[in-house]
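Heads up: the structure comes next, in structure tokens.
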Amino acid sequence: MNMRVTENKRVAISIIVPLYNVEEVILETLKSIEAQTFDNYEVLLIDDGSTDRTIEIVKDFIKNHKLFKLIQQENAGPAVARNHGLRKAQGEYICFVDSDDIIPDNALDLMYQAAVKNNADLVTGATKRFNSEKEWFIPSHVEHNIAKPGSKTIFKNPELFYSIGPCAKLYHHQLIENLFFPETIRYGEDQPFVLHALLNAENIYTVEKVVYYYRLRDGEGESLTQSVYKDPVRILQSVFGVFDYGEKEIKNSKTPENIALEYYKRVSSVELWAALKASTESKDVDIQNTCYTMILNWFETKSDKFLNLIPSFRYFLMYSTMDRANYIRKGARASFRKLITYLWAKQREEAKDAFIKTYPVYYQATISIIEEDNWKKAKRISNRFIIRSKLKTPRLVNGFARRILFKLVSFLPKKDYLVLATERSVKLEGNLLAIYDFMFLNNRPERIFVFLNKQRSWLEILQLYYVLGRAENIVLDDYYNKIYGLKFSKRTNVIQSWHAAGAFKKFGFSALEADDSNTEEFEARAHSPYSAVLTSSEAIVPQYAEAFRKKESQIFPIGVPRTDIFFDHDYKEYIEEVYRKQYPILREKKAILYAPTFRGGPDERKNFSVVMDVKKMRDCLSDEYVLILKFHPMIKNITMNIDLDDPFIIMIDSTDDINDVMLFSDVLITDYSSVIFEYSIMNKPMFFFAYDIDNYFDERGFYFNYEEMIPGNIYKTTDRLVEAIKLDQYDYEKLVSFRKQFMSSIDGQSTRRFIETFIDNKGGRA
């Protein structure tokens with residue numbers, strides 16, 4: 001593809017914005033486009049017959065903005081409006097923005113630069129939803145990791161089907177030449193257009209930054225526009241159109257069956273299920289009859305292979321709708337029975353066997369309806385479902401346990417219970433494991449309760465709050481939502497051991513002004529129950545008092561229990577041997593540990609692009625070193641300029657304890673990770689590859705001047721970093737000073753001091 005602006009294209013990007021009755025929000029949308037750092041664009045505002053003040057507002061805005069052009073048409077729907085814009089567009093690239101959404105000021109620049117640099121004919125980026133109170137990543141996008149950066153194709157990355165709206169994308173004009181939105185579909189009309197683009201794009205590139213904000217009007221549901229409940233019949237008809245267009249597109253493009261199935265699963269699980277659910281829950285006999293008959297008629301136009309290919313048809317009609325059987329009116333039961341009878345008859349034996357094995361109770365209810373027109377079993381299933389839905393049993397039990405049970409037992413005498421509680425993991429680790437092991441090895445008489453991150457039955461919920469109310473000591477290692485807002489007895493120690501040593505990046509109340517901070521109200525609910533907080537040095541007591549909003553007398557600089565292993569010679573030898581057996585190369589070469597921190601929001605944190613030139617490091621250092629990669633557990637996808645199976649690389653599993661890995665490494669490379677505090681214990685060199693220090697400081701902020709506090713030099717290029725490692729250019733005196741300031745209480749006896757302070761002496765409480 002020729003990436004320069006061609007002769008018949010006078011601008012780099014055409015932005016197409018359909019308008020219809022958006023007087024309350026259109027100005028915000030226009031200003032977000034005006035604020036772009038990229039200015040080689042045109043904006044085509046296609047008004048679709050607005051009857052409010054939209055036109056007046058737009059005209060007033062664009063009179064001083066020559067890049068914006070207003071085009072008016074009679075009301076015909078968003079598809080016609082977008083098509084009108086496509087015919088007028090003069091851009092090398094096309095970008096769609098809906099009239100109630102906004103784009104970050106660097107969105108166009110990010111996508112355009114990515115398109116040119118990577119020769120991409122379709123560029124996508126991360127998206128967020130927002131309303132008047134907050135913003136958040138779209139759950140399905142997070143679940144399917146839509147924002148994973150890098151080059152893609154739909155055949156390698158079918159998860160892109162879960163971002164099938166036209167916005168948050170940049171299309172090269174050649175990719176969508178003579179392609180238009182189907183004008184006969186009024187709901188989901190954008191899917192055939194985007195499907196064509198996804199199936200025909202040779203190179204799709206995803207940038208890892210947020211490029212689009214979808215507005216959710218206050219009161220709207222998040223999964224689909226509320227119109228599906230207002231008119232499920234019309235929506236269902238549109239869904240059939242989307243399916244049919246998709247089927248033709250998939251056939252014409254000769255898309256492999258496994259990829260086609262991913263698309264069908266997406267449409268059936270989102271759009272089709274929404275319409276079917278809305279029609280059933282309407283409790284309107286006419287709507288139900290119409291929708292069930294429409295689905296049957298549509299099924300009859302499809303091949304048996306198609307009806308077997310998509311398991312969602314079976315699941316939604318014979319499982320999810322069966323849960324709602326009591327909503328189906330008597331007058332609509334015959335049409336529903338015909339529908340499931342036809343679908344079941346078309347299923348192959350292996351499909352039937354799979355459903356019977358997976359959902360035996362639902363199968364029996366389905367067959368009773370099909371063969372006997374007997375709805376008793378279905379109604380029993382539905383009764384249970386409706387009761388669970390309406391009563392919301394877990395919420396009731398949780399409310400009772402927190403508001404009544406916990407308060408009542410808090411007045412009872414305390415028991416020598418030690419609670420170790422975490423939401424960080426499904427297994428005991430870190431400070432909590434160190435305390436548990438000490439108690440076990442020393443035959444302590446206290447009864448220990450361990451509460452890990454898990455789903456709890458109602459009995460387990462009651463036990464949890466009973467124990468919390470009666471325990472003398474409760475130890476946490478992070479935010480623990482089970483205690484948010486609880487008021488504990490003065491006879492109970494609620495101890496925050498915190499999962500990070502030292503004081504590096506701001507957190508808690510200290511980080512309220514950061515981009516990714518929680519609200520002040522949230523921090524107050526989370527931290528108010530603590531009676532004590534542990535820290536690694538007396539010098540950083542003020543920082544911990546600020547972070548948790550506690551008195552300095554409540555901050556205990558007695559050390560961090562999990563650091564005791566750094567002084568256990570036998571344990572260190574054991575760990576070294578374990579890893580040497582797993583990675584024999586460690587017997588021959590020294591190990592450089594690269595342990596960077598995550599960046600950005602929840603979705604962005606799943607992905608990490610290694611800026612460091614790992615290939616360069618291999619070429620310069622592989623005779624003496626191997627490079628161990630240990631990323632934050634939140635990071636799931638890594639991209640870099642060398643294969644992960646290269647002999648120079650050892651990729652440590654995300655579940656491995658970083659403290660164990662530090663024990664046998666010889667050099668640490670990091671950026672802003674708090675692992676520097678633990679690593680300083682071993683008096684080994686640390687190098688800081690902090691290429692984005694200015695942006696990261698804006699994002700989080702530090703308690704101390706970063707450049708002055710870190711026990712090493714900052715490197716922004718791989719060449720200088722490699723040179724420093726080869727020449728062993730490191731200031732060990734600065735490391736000693738750093739350790740004295742931030743880790744003065746770390747001596748291998750932290751756990752013992754914890755036991756003496758809080759369990760033996762009850763932390764000063766009565």
Name every donor-acceptor pair, under 3.5 Å, that has one atom in a side chain of residues 103-110 and the other anywhere in the protein, sequence neighbours excluded.
from: Asp109; atom 1: OD1; to: Gln113; atom 2: NE2; distance (Å): 3.4

Rounded to the nearest 0.5 Å, the CZ atom of Phe631 sits from the OG atom of Ser673 at a distance of 12.0 Å

List the steps, then state whether side-chain hydrogen bond (donor to acceptor under 3.5 Å, both in side chains) holds for Tyr171 with Asp121.
CA-CA 6 Å; Tyr171 308 81; Asp121 40 10; over 6 Å; no

(Q) Treating Ser268 as the side-chain partner and Lys265 as the backbone partner, does any N or O pair qualify as donor plus acceptor under 3.5 Å? (A) yes

Q) Taking atom types as modelled, is there a side-chain donor on Tyr263 or Gln191 under 3.5 Å from an acceptor on the other? A) yes

Do the side chain of Thr127 and the main chain of Tyr213 share a donor and acceptor less than 3.5 angstrom apart? no

Evaluation steps, side chain to side chain contact (heavy atoms under 4.5 Å, CB included), between Phe688 and Leu721: CA-CA 8 Å; Phe688 293 82; Leu721 174 64; over 6 Å; no

Do Ile676 and Phe504 pass the side chain to side chain contact (heavy atoms under 4.5 Å, CB included) test, and can you show the C-alpha distance, the side-chain angles, and the key distance before you say yes or no?
CA-CA 9 Å; Ile676 63 173; Phe504 201 3; 3.7 Å; yes

### Message
What verdict does the side chain to side chain contact (heavy atoms under 4.5 Å, CB included) test give for Glu262 and Tyr264, after you've listed the backbone C-alpha separation in whole Å, the side-chain angles of each residue and the deciding distance to 0.1 Å?
### Response
CA-CA 6 Å; Glu262 292 300 318; Tyr264 293 141; over 6 Å; no

(Q) Would you say that His173 contacts Leu86 through its side chain, given a criterion of any heavy-atom pair below 4.5 Å between the two side chains? (A) no

| Backbone N or O of Pro18 within a donor-acceptor pair of the Ser99 side chain at under 3.5 Å? | yes

Here the gap from Arg53 atom CZ to Lys59 atom NZ, rounded to the nearest 0.5 Å, amounts to 13.0 Å

When every non-hydrogen atom of Gly246 is compared with those of Leu195, the smallest separation belongs to CA-CD2, 3.4 Å

Notebook entry, point to check: Has Glu707 got more than 12 heavy atoms of other residues, nucleotides or ligands less than 6.0 Å from its CD?
Noted result: no

**Request:** Describe, in one word, how the ring planes of Tyr672 and Phe702 are oriented to each other, choosing from parallel (under 30°), tilted (30 to 60°) and perpendicular (over 60°).
**Result:** tilted

Next on the checklist: Looking at Gln90, is its backbone amide N or carbonyl O close enough to the side chain of Ser14 to form a donor-acceptor pair, meaning the two atoms are under 3.5 Å apart?
Outcome noted: yes

* **Side-chain heavy atoms of Phe130 within contact of Ile102, under 4.5 Å** => yes

Quick one: does Asn83's side chain have a donor or acceptor within less than 3.5 Å of a partner on Phe181's backbone?
yes

* Asked: Do Asn203 and Asn118 have a side chain donor and acceptor closer than 3.5 Å?
  -> no

_Aromatic plane relationship, Tyr715 with Phe687 - under 30° parallel, 30 to 60° tilted, over 60° perpendicular_ = tilted

ask   = Would a distance-only check, ignoring hydrogens and angles, find a side-chain to backbone donor-acceptor pair under 3.5 Å from Glu135 to Asn131?
value = no

**Item:** Asn21 backbone acceptor or donor facing Ser50 side chain under 3.5 Å
**Value:** yes

Under 3.5 Å: donor-acceptor pair, side chain of Thr153, backbone of Glu202:
no

Is the Phe38 ring parallel, tilted or perpendicular to the Tyr112 ring (thresholds 30°, 60°)? tilted

Distance col, row Lys716:NZ vs Tyr691:OH, nearest 0.5 angstrom, shows 12.0 Å

N-O pairing of Arg618 and Asp646 below 4.0 Å: yes

All heavy atoms of Tyr162 vs all of Ser269, minimum pair found to be OH-OG, 4.4 Å

Rounded to the nearest 0.5 Å, the CG atom of Asn200 sits from the CD atom of Glu177 at a distance of 13.0 Å

For Ile250 and Ala260, the nearest pair of non-hydrogen atoms, with its separation, is CG2-CB, 3.6 Å

Verdict with supporting geometry, Val17 and Asp98, side chain to side chain contact (heavy atoms under 4.5 Å, CB included):
CA-CA 6 Å; Val17 186; Asp98 283 346; over 6 Å; no

- Task: Flag the pair Asp478 and Arg424 as a salt bridge only when some basic side-chain nitrogen lies within less than 4.0 angstrom of an acidic carboxylate oxygen.
- Result: yes

Exactly one of Asn145, Thr124, Asn157 clears side-chain hydrogen bond (donor to acceptor under 3.5 Å, both in side chains) with Thr206, and that residue is Thr124

Contacts of Glu23 meeting side-chain hydrogen bond (donor to acceptor under 3.5 Å, both in side chains) (sequence neighbours excluded), chain-then-number -> none

- [ ] Kindly indicate whether the side chain of Glu423, heavy atoms from C-beta on, has any atom under 4.5 Å from the side chain of Tyr479.
- [x] no

Rounded to the nearest 0.5 Å, the CG atom of Asp100 sits from the CG atom of Leu19 at a distance of 10.5 Å

For this session: Quick one: sort the Phe61 and His65 rings into parallel, tilted or perpendicular, breaks at 30° and 60°.
Result: parallel

Would you say Cys95 and Lys169 make side-chain contact, with heavy atoms under 4.5 Å? no

- Between Ile650 and Leu627, is any pair of side-chain heavy atoms under 4.5 Å apart? no

Worksheet entry | Derivation of the salt bridge (charged side-chain N to carboxylate O under 4.0 Å, His left out) call for Glu159 and Lys148 | CA-CA 10 Å; Glu159 68 273 8; Lys148 176 184 177 181; over 6 Å; no

In terms of heavy-atom contacts, Val267 and Phe243 come closest through CG1-CE1, 3.6 Å

Test side chain to side chain contact (heavy atoms under 4.5 Å, CB included), reference Ile94, set Leu175, Ile16, Leu170, Leu44, output is Ile16

Heavy atoms, side chains only, cut-off 4.5 Å: are Phe689 and Asp671 in contact?
-> no

Next on the checklist: Within the 4.5 Å heavy-atom criterion, are Phe193 and Asp190 side-chain neighbours or not?
Outcome noted: no

Just wondering, do Leu30 and Phe68 contact through their side chains at under 4.5 Å, heavy atoms? yes

- Distance under 6.0 Å and angle within 45° of ring axis: Arg129 vs Tyr214: yes

Here the pair of heavy atoms bringing Glu208 nearest to Pro149 is CB-CB, 3.8 Å

* So does Asp613 pair up with Lys616, basic N to acidic O under 4.0 Å? -> no

The reported gap from CD in Gln36 to CD1 in Ile13 (rounded to nearest 0.5 angstrom) is 8.5 Å

Exercise for review: Give a yes-or-no answer on whether the side chains of Thr54 and Asp52 include a donor-acceptor pair shorter than 3.5 Å.
Suggested key: yes

Practice item. Would you verify whether the NZ or CZ of Arg266 falls within 45 degrees of the ring axis of Phe161 while also being under 6.0 Å from that six-membered ring's centre? Key: no

Here the pair of heavy atoms bringing Asp48 nearest to Tyr20 is O-CD1, 3.2 Å

